[in-house]
Amino acid sequence: MTEEIRVRYAPSPTGHLHIGNARTAIFNWLFARHYNGKFIIRIEDTDTARNIADGEKSQLDNLAWLGLDWDESPANPGEYGPYRQSERNEQGIYQPFIDELLAKGLAYKSYKTTETIAAEREAQQAAKQAPHYVYEYEGLTNDQREAKYAEFEAQGLKPVVRFRVPEEKVYAWDDIVKGHIEIGAKEVGGDWVIQKADGMPTYNFAVVIDDHLMKISHVLRGDDHVSNTPKQIMIFEALGWHVPKFGHMALIINGETGKKLSKRDENLLQFVEQYHELGYQPQAMVNFIGLLGWSPKGEDEIFSLEAFKDMFDEKRLSKANAKFDQKKLEWINNQWMRRDLDHVMPQLIQELVNADLVSAADAETKKEWLAEVIKVAGVEGISYTREVVELVRQPFFELGDMTDEMVDYLTSDDGRKVFSAWESAYTALPESATAEDYMTTIRSIQNTLEIKGRNLWNPIRIATTHQIQGPNLPEMLVVMNKQTILSTMAAVKAMYLN
RNA sequence: GGCGCCAUGGUCAAGUGGUUAAGACGUCGGCUUCUCAGGCCGAAAUCGAGGGUUCGACUCCCUCUAGCGCUACCA
């Protein structure tokens, strides 16, 4: 019998969707969809203090923006709900298993204060021992231990429940990405908490209960969970459950610090939302992330989610950490924008509205013209839509200041000759003149005056745009308003050429 | 410190005992003769180090080293 493939992405709503999380989600989605399995979203909100208001919504919104969909989640529960750990706890889903472990003597109540534990750890450090929890009921019978519980309860102490780690065991598994891994039970740091004093299960415990109850078959997650895995296997085994397959993907690390991406790194844009706001395309984000720590067979670099899904092969997941390369992301996004420019155009125009370069009304009525301006200005060179604002601002919506260098070109002997020849030629040209017409005109000035190169082009460019460099001038002239150009030229003439 | 993971160019990486060690980003150079952008062409690696195994190692083994991760009543 073949087991149904069910994988999950289980974020904790303590922040927005970060590149690293997005990657975990994407690869889980790819795994599920490639093998016709189910992709489930479960919210791990057992840390009530760190949950933030919109964390969950933001996570899901951004996932959807990336193009992912899911089969079960808090909003569309399947048969294994609820899908938030806090609600599962309220419904008492975890308690019976804690009670079971307690009853079997595999877990116990611990009343040690955090101060005591801290002091123990300090002493261990000082003695150059690895920090580990010290079992406080050593040698006591069950009854004696129960008596201790009563004693502590009478003092008003709140217990946590700790799992009694079988220290002599070695936990091993065949990792989907890393191969065989084994870790001795004594390395987990002693008996660990499965239920906090507030009654919430801890992460390593709740994960096991939920993965089992939700029939999760494969757990694909970050490398940083490798050392949690033995703890989790302990629980699966203690409860007599089948252990899912684990796969630990290499981490994405910050190129500057070399450390794993942290929400606290301010020097790097690392939330999906930030890229969304700058006008990165979701396909580009997926494309970039899909190539971090995974490689396709051929030499292509541009892939859609669908393409990744078809090609997906967990054996091609890389074992080594990958640095986040923003330059490559920019390039990939540029490729996606160019690939479907018509589709991106409304977004580009919207950027101009947001920047107050055009009104919302003009954005609609002049959209064809705006599209031309954007193309002429060189949209093929930008990395994300927000950049279009500075790309077109000058000279299409504002004129820049004249620099000394510009004035020199204009007021040189050649400049004066070129200007006056251009002035009469341009004035005579119809408004419908094409780029070829302008080119022909400029060439004829070149022939007549015998001036070429910068000395020819710069005076014209400067007089019409207040720029010394920019897109192809004939094309710009086509797109710019003739009256505006005429008055710009008149002003330049009045100011510098009299 | 302990345990675990890992190691091909600045970056992402292909490669699975015999190759001129793919490709992409970035960088640099050239061309595209108004500039910018774009496009095109081109350049740059003794595969972390040292030992093995082998006729032959980037590829297999060992040691070392570097890097990363974990070491919570966080997830």
Side-chain angles (χ1 to χ4, degrees), chain A residues 10-14 44-47 49-51 85 110 112 114 117-118 121 124-125 128-133 158-162 175 177-179 181-184 186-190 192-204 206-207 221-230 248 250-253 255 257-260 288 291-302 316 318-332 334-335 338 376-382 391 442 446 452-461 467-474:
Chain A
S12 57
T14 54
E44 311 215 321
D45 55 350
T46 52
D47 186 354
R50 292 202 317 156
N51 292 339
Q85 289 185 331
S110 169
K112 248 190 230 182
T114 48
I117 295 170
R121 280 194 219 286
Q124 289 158 357
Q125 298 265 19
K128 294 229 194 293
Q129 291 175 321
H132 59 276
Y133 187 80
K158 283 273 188 194
V160 297
V161 177
R162 283 179 188 271
D175 197 275
V177 353
K178 310 239 183 218
I181 298 181
E182 47 180 67
I183 299 178
K186 58 185 175 309
E187 309 303 340
V188 306
W192 52 282
V193 175
I194 61 176
Q195 185 177 42
K196 308 181 213 177
D198 66 1
M200 281 284 194
T202 57
Y203 165 76
N204 281 307
V207 157
R221 59 190 6 173
D223 214 342
D224 48 346
H225 287 284
V226 168
S227 36
N228 288 325
T229 306
H248 291 93
L251 265 16
I252 299 178
I253 59 184
T257 62
K259 309 266 194 234
K260 88 168 173 173
F288 174 70
L291 255 18
L292 261 189
W294 188 86
S295 63
K297 267 191 177 136
E299 293 179 356
D300 294 339
E301 301 277 337
I302 303 300
R316 298 186 73 83
S318 144
K319 295 191 206 183
N321 293 346
K323 282 185 182 151
F324 181 87
D325 180 3
Q326 205 160 322
K327 282 277 187 286
K328 180 131 186 189
L329 206 206
E330 288 178 2
W331 176 79
I332 289 176
N334 171 277
Q335 296 294 307
R338 292 167 60 160
V376 167
V379 68
E380 305 226 312
I382 67 175
L391 185 70
I442 293 170
Q446 170 176 335
K452 59 176 183 172
R454 298 175 190 217
N455 290 338
L456 168 71
W457 286 87
N458 280 348
I460 301 175
R461 181 183 285 282
Q467 287 185 151
I468 202 161
Q469 65 172 49
N472 289 329
L473 189 55

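What's counted below: heavy atoms across the whole structure, side chains too, no hydrogens, waters or symmetry copies.
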Base partner of [N], which must satisfy Watson-Crick or wobble distances under 3.5 Å:
| N | value |
| --- | --- |
| B:rG2 | B:rC70 |
| B:rG9 | none |
| B:rU27 | B:rA43 |
| B:rA22 | none |
| B:rU33 | none |
| B:rA57 | none |

Report the residues that fulfil salt bridge (Lys or Arg N to Asp or Glu O under 4.0 Å) with [X], sequence neighbours left out, ordered by chain and then residue number.
| X | value |
| --- | --- |
| A:E330 | none |
| A:D198 | none |
| A:K178 | A:D223 |
| A:D47 | A:R50 |

When the [atom1] atoms of [N] and [M] are considered, how many whole Å apart are they?
| N | M | atom1 | answer |
| --- | --- | --- | --- |
| B:rA45 | B:rA7 | C1' | 15 Å |
| B:rC31 | B:rA37 | C1' | 16 Å |
| B:rC47 | B:rA22 | C1' | 14 Å |
| B:rG10 | B:rG48 | P | 12 Å |
| B:rU46 | B:rG9 | C1' | 12 Å |
| B:rC6 | B:rU19 | P | 27 Å |
| B:rA49 | B:rC58 | P | 11 Å |
| B:rC68 | B:rG52 | C1' | 28 Å |

Stepwise side-chain contact (heavy atoms from CB on, under 4.5 Å) test for A:R221 and A:T229 | CA-CA 11 Å; A:R221 59 190 6 173; A:T229 306; 3.2 Å; yes
List for me each residue that meets side-chain hydrogen bond (donor to acceptor under 3.5 Å, both in side chains) alongside A:R121, sequence neighbours excluded, and say none if there are none.
->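 If we apply the side-chain hydrogen bond (donor to acceptor under 3.5 Å, both in side chains) test to A:R121, skipping adjacent residues, there are no hits.
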Identify, with sequence neighbours excluded, every residue that meets side-chain hydrogen bond (donor to acceptor under 3.5 Å, both in side chains) alongside A:E299.
->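 With sequence neighbours excluded, A:E299 shows a side-chain hydrogen bond (donor to acceptor under 3.5 Å, both in side chains) to no residue whatsoever.
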Between A:K128 and A:Q335, name the one whose nearest nucleotide on RNA chain B is closer to the 5' end.
->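 Closer to the 5' end of RNA chain B: A:K128.
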If you compare all heavy atoms of [X] against all heavy atoms of [Y], which two are closest, and at what distance to 0.1 Å?
| X | Y | value |
| --- | --- | --- |
| A:R454 | A:P459 | O-CD, 3.5 Å |
| A:D224 | A:K260 | OD2-NZ, 3.2 Å |
| A:I382 | A:N334 | O-ND2, 2.8 Å |
| A:Q85 | A:D45 | N-OD1, 3.3 Å |
| A:A320 | A:A250 | O-CB, 3.2 Å |
| A:A197 | A:V160 | N-CG1, 3.6 Å |

Which part of the nucleic acid, if any, lies within reach of [X] when heavy atoms closer than 4.0 Å are counted: base, sugar-phosphate only, or nothing?
| X | result |
| --- | --- |
| A:L456 | nothing |
| A:K323 | sugar-phosphate |
| A:Q467 | nothing |
| A:G293 | sugar-phosphate |

For nucleotides 32-38 of chain B, 5' to 3', base contacts (B), sugar-phosphate-only contacts (S) and non-contacts (-) with protein non-hydrogen atoms under 4.0 Å give --BBBSS
Where along nucleotides 62-75 of chain B does protein come under 4.0 Å, by heavy atom, of base (B) or sugar-phosphate alone (S), with - for untouched nucleotides?
-> ------SSS--BBB
Round to a whole Å and report the spacing from [atom1] of [X] to [atom2] of [N].
| X | N | atom1 | atom2 | value |
| --- | --- | --- | --- | --- |
| A:I183 | B:rG4 | CD1 | P | 7 Å |
| A:I181 | B:rC5 | CD1 | C1' | 7 Å |
| A:Q124 | B:rG1 | CD | P | 18 Å |
| A:W192 | B:rC3 | CH2 | P | 22 Å |

Please write out each protein N/O paired with an N/O of nucleotides 41-50 of chain B under 3.5 Å, distance rounded to 0.1 Å.
none

Listed partners of A:T257 passing side chain to side chain contact (heavy atoms under 4.5 Å, CB included), at least two apart |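 Only A:N254, A:K259 meet the side chain to side chain contact (heavy atoms under 4.5 Å, CB included) criterion with A:T257.
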With A:Y133 via ring-ring contact (aromatic ring centres under 6.0 Å, His included) - residues at least two apart |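 Partners of A:Y133 under the ring-ring contact (aromatic ring centres under 6.0 Å, His included) test: none.
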Donor-acceptor under 3.5 Å (A:R338 side chain, A:E380 main chain) =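 Checked: pair present.
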Might you list the N or O atoms of the protein lying below 3.5 Å from N or O atoms in nucleotides 24-29 of chain B, with each pair's distance?
unit_1: B:rA24; atom_1: O4'; unit_2: A:E301; atom_2: OE2; d: 3.0
unit_1: B:rA24; atom_1: O2'; unit_2: A:K328; atom_2: NZ; d: 3.4
unit_1: B:rA24; atom_1: N3; unit_2: A:K328; atom_2: NZ; d: 3.3
unit_1: B:rC25; atom_1: OP1; unit_2: A:W331; atom_2: NE1; d: 3.4
unit_1: B:rC25; atom_1: O2'; unit_2: A:K328; atom_2: N; d: 3.2

